[in-house]
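Heads up, the thing below is written out as structure tokens.
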Amino acid sequence: MTLNRRHFLGATAAGAAALSAPMVMGGSHSKPRVVVVGGGAGGATAARYINKDSGGEIDVTLIEPTRRYYTCFFSNLYIGGFQEMEDLGHGYGNLASQGVNVVHDWAVGIDRDAKTVALAGGGSVPYDKLILSPGIDFVDGSVPGWDLSAQNAMPHAYKAGSQTELLKAQIMAMPEGGTFAMIAPPNPYRCPPGPYERISMVAHALKANNPTAKILVVDPKPKFSKQGLFEEGWNNHYGGMIERIGPDFGGENFTVDPAAMTVDIDGSVENVDVCNVIPAMKAGRICEMAGITDGNWAPVNAADMSSKMDADIHVLGDASAQGDMPKSGFSANSQAKVCANAVRGALTGSRVFPAKFSNTCWSLIDTDDGVKVGATYEATDEKIAKVDGFISQTGEDAALRKATYEESLGWYSGITADMLG
Amino acid sequence: MKHLKFSLLAAMVWALPAMAADDFGNAENGAEIFDECSGCHELGQGAENGIGPHLNGIFGRKAAGIDGFTYSESLTRAGNDGLVWDLEKLGYYIENPQIFASGTRMSYDGLEDPQERADLLAFLRIYSDNPQNIPEAAPTAIAAALEVRLPPDILEIQGDSEYGEYLSSECLTCHRADGAAEGIPSITFWPEEDFVIAMHAYKRKLRPHPVMQMMAGRLNNEEIAALAAYFAELEE
Ligand SMILES: Cc1cc2nc3c(=O)[nH]c(=O)nc-3n(C[C@H](O)[C@H](O)[C@H](O)COP(=O)(O)OP(=O)(O)OC[C@H]3O[C@@H](n4cnc5c(N)ncnc54)[C@H](O)[C@@H]3O)c2cc1C
């Protein structure tokens with residue numbers, strides 16, 4: 001643990017925070033206060049459950065800069081033409097009307113001694129329990145030649161919204177027979193099947209509009225999630241269009257040049273028309289600022305998702321290092337409920353039940369060809385540990401694959417209602 | 001084949017003392033019991049769909065597998081998930097149709113007596129393509145299939161609905177609390193008993209769906225009762 005526990009984004013923000021009164025929200029001071037940073041899959045769920053289940057006994061503040069949350073989940077389906085971007089955006093109006101104090105701002109610093117969160121717009125918010133679910137940021141320098149300033153030339157589209165729209169527009173504008181390249185991320189990263197579902201959806205879009213185009217995946221990992229299922233599907237639906245270069249063939253050794261639109265793979269330079277760079281990932285920066293990270297992620301106790309470095313801070317979702325669960329929206333939502341139950345118990349003495357976690361990730365390979373993988377988990381002293389799991393099988397019949405896809409639509413409707421009310 | 005039949009017989013004598021010597025049930029008795037079904041189901045040459053689908057070739061047939069018959073959504077789902085009718089599954093279904101398809105359109109209370117089920121199945125079997133290959137299920141499975149009703153003590157557990165509320169949060173990632181079914185069925189407003197039967201059917205891996213088998217698989221009897229109690233009172 002660092003000596004100085006004040007970790008601020010910059011001198012200006014720190015100054016502003018120190019000067020202004022800690023009174024962003026009104027409300028009585030006698031009530032326990034929970035502050036949630038990040039209104040995504042983990043944070044929105046935690047805010048909603050604590051607010052709903054405490055029946056007004058706890059003040060809940062949610063700090064989230066964007067007014068509409070665009071889900072990363074299903075954003076690949078937008079690229080494939082199966083979803084409209086509009087339908088992937090969700091507002092915070094229901095949470096606010098149910099009593100959550102929604103503050104649209106960035107958290108820029110956390111003072112763990114004073115127990116306050118500083119906001120970019122000035123002011124700070126006091127907490128008894130703090131929940132951080134800020135998702136991911138990218139590791140600088142993990143893709144040589146690329147940094148965030150190049151995200152318009154070579155989009156990551158790994159935070160949904162304008163990046164996703166940009167990537168799709170670039171794909172639709174590719175010259176006939178052109179090349180789409182993806183730099184796939186190293187482990188661990190959000191949504192293990194995500195890059196490969198994306199490849200499927202890009203192939204689906206190109207097959208209809210630009211059937212002689214090529215797809216090149218540069219991948220530093222020897223294997224990837226649902227590999228057998230994806231490769232079977234690519235073969236069946238998009239034969240010959242997709243080439244993946246794994247570490248055996250130089251997939252670990254690459255640089256990109258966003259100005260020239262080239263990718264250098266193990267010394268051989270490819271001209272590409274679209275390049276989707278998905279860099280290595282780490283916990284959203286606010287975790288680092290709070291001083292609760294170890295390496296790239298924030299380690300937590302499995303039983304209640306509390307930080308291993310500070311018992312009054314809980315970390316959910318992608319940002320946490322928790323053990324066996326994949327970084328997914330489903331996982332973040334599941335962890336949020338365990339955390340909500342524990343936080344409520346600690347603050348109001350309500351019953352605390354044993355932690356149970358689960359996850360299922362669906363992926364769409366082509367029209368009506370859905371696959372899934374899932375597991376259940378429990379809390380052990382060291383980590384969240386897997387209990388039981390399943391995965392779709394290769395060679396399943398079309399009716400089952402269609403049913404699996406339809407189920408994923410049901411899940412999307414379920415989880416978004418469960419997060420945002 | 002002879003050998004198999006012999007060992008089957010040996011394993012089942014205790015469960016089915018009165019069965020015909022050369023089979024697991026008495027098809028002649030079964031023909032009479034079929035009167036309970038014949039109002040809705042046709043069987044034999046020229047059988048057509050009526051209120052229920054025709055039952056020719058039912059052994060080995062995919063559930064909800066007759067084109068042109070309009071099945072309930074739940075039985076259709078079970079068929080898509082991979083439910084195929086064999087002796088074991090038919091035994092369960094006839095004992096209580098709700099076990100595979102909650103809210104099924106087959107409004108039939110179920111045949112409680114194991115002997116009657118065995119006789120009826122022996123009769124139905126005659127109208128399937130390869131009766132000599134039936135039963136394929138292991139003897140223990142057959143014995144289990146004929147003795148399927150959930151023990152009453154499981155149905156009588158008073159669920160702790162506060163615990164149920166906590167457990168339910170795990171379900172609501174997929175099943176909507178407002179009961180809307182947009183690709184995943186609604187589980188709100190159910191009679192508790194139907195809920196418990198459905199969950200145990202997943203837990204025992206009778207219903208084929210892998211997600212639900214996994215979710216139910218780690219719930220104990222009290223937890224299932226707690227969920228049933230909570231979802232039954234969820235009504236706003
Ligand atoms: C292409 C793609 C496909 C995916 N598909 C699936 C899928 O099918 N199923 C699935 O389960 N998961 C999927 N995921 C993964 C899923 O999106 C993430 O795992 C999930 O969103 C993680 O939730 P979270 O709460 O950790 O972070 P997020 O949902 O990213 O939420 C973080 C929020 O915190 C806010 N924030 C960040 N920093 C601050 C700060 N300093 N102050 C205030 N607010 C801040 C952000 O604005 C953001 O709204 C996919 C991801 C991608 C990229």
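A note on names: the letters A, B, ... follow the listed sequences, proteins ahead of strands, and every chain is numbered from 1. Hydrogens, waters and symmetry mates play no part in the numbers below; they use all other heavy atoms, side chains included.
For A:S358 and B:E170, the side-chain atoms include at least one donor-acceptor pair closer than 3.5 Å. Counting only N and O atoms by type, the side chains of B:S102 and B:D194 include no donor and acceptor under 3.5 Å apart. A side-chain N or O of A:S328 and one of A:S331 form a donor-acceptor pair less than 3.5 Å apart. A:H314 and A:D304 form no side-chain donor-acceptor contact under 3.5 Å, judged by distance and modelled atom types alone.
Separating the NZ atom in A:K383 from the CG atom in A:N301 is a distance of 14.5 Å, to the nearest 0.5 Å. Atom CG of B:D86 and atom OH of B:Y92 lie 10.5 Å apart (nearest 0.5 Å). To the nearest 0.5 Å, the span separating NZ on A:K52 from CD1 on A:I58 amounts to 13.0 Å.
By a heavy-atom distance cut of under 4.5 Å, B:D160, B:E162, B:Y163, B:E165, B:Y166, B:L167 are the residues of residues 158-168 of chain B near chain A, going up by number. Identified by a heavy-atom distance below 4.5 Å to chain B, contributing residues of residues 69-99 of chain A are lacking entirely. Of residues 408-421 of chain A, those residues with a non-hydrogen atom less than 4.5 Å from any non-hydrogen atom of chain B are, in numerical order, A:L409, A:G410, A:W411, A:S413, A:G414, A:I415, A:A417, A:D418.
Contact annotation for A:K402: neither backbone nor side-chain heavy atoms come within less than 4.5 Å of a heavy atom of chain B. For A:N341, the part sitting under 4.5 Å from any heavy atom of chain B is the side chain, from C-beta outward, and nothing else.
Sorted by first and then second residue, the side chain to side chain donor-acceptor pair (under 3.5 Å) pairs with a member in residues 46-66 of chain B form an empty list; sequence neighbours excluded.
Listed options A:V387, A:D388, A:T376 were ranked by heavy-atom pairs under 4.5 angstrom with chain B; first place goes to A:T376. Note on A:G329, A:A403, A:A375, A:G389: by heavy-atom pairs under 4.5 Å with chain B, the leading option is A:A375. Heavy-atom pairs under 4.5 Å with chain A peak, among B:R77, B:R176, B:H175, at B:R176.
By the 6.0 Å contact criterion, CD on B:E73 is open, its count of non-hydrogen atoms from other residues, nucleotides or ligands being 12 or less. By the 6.0 Å contact criterion, CG on A:D381 is open, its count of non-hydrogen atoms from other residues, nucleotides or ligands being 12 or less.
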**Request:** Check the pair B:R207 / B:L83 against side-chain contact (heavy atoms from CB on, under 4.5 Å), numbers first and verdict last.
**Result:** CA-CA 7 Å; B:R207 290 200 184 193; B:L83 179 65; over 6 Å; no

**Request:** May I have the step-by-step check of side chain to side chain donor-acceptor pair (under 3.5 Å) for A:K337 and B:T173, ending in yes or no?
**Result:** CA-CA 10 Å; A:K337 293 165 188 170; B:T173 311; 2.8 Å; yes

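Within the cation-pi definition used here (under 6.0 Å to the ring centroid, within 45° of the axis), B:R125 does not qualify as a partner of B:F59.
Taking the charged nitrogens against the carboxylate oxygens, A:E407 and A:K372 do have a contact shorter than 4.0 Å, which makes a salt bridge.
Between the side chain of B:N220 and the main chain of B:E223, a donor-acceptor pair closer than 3.5 Å is present.
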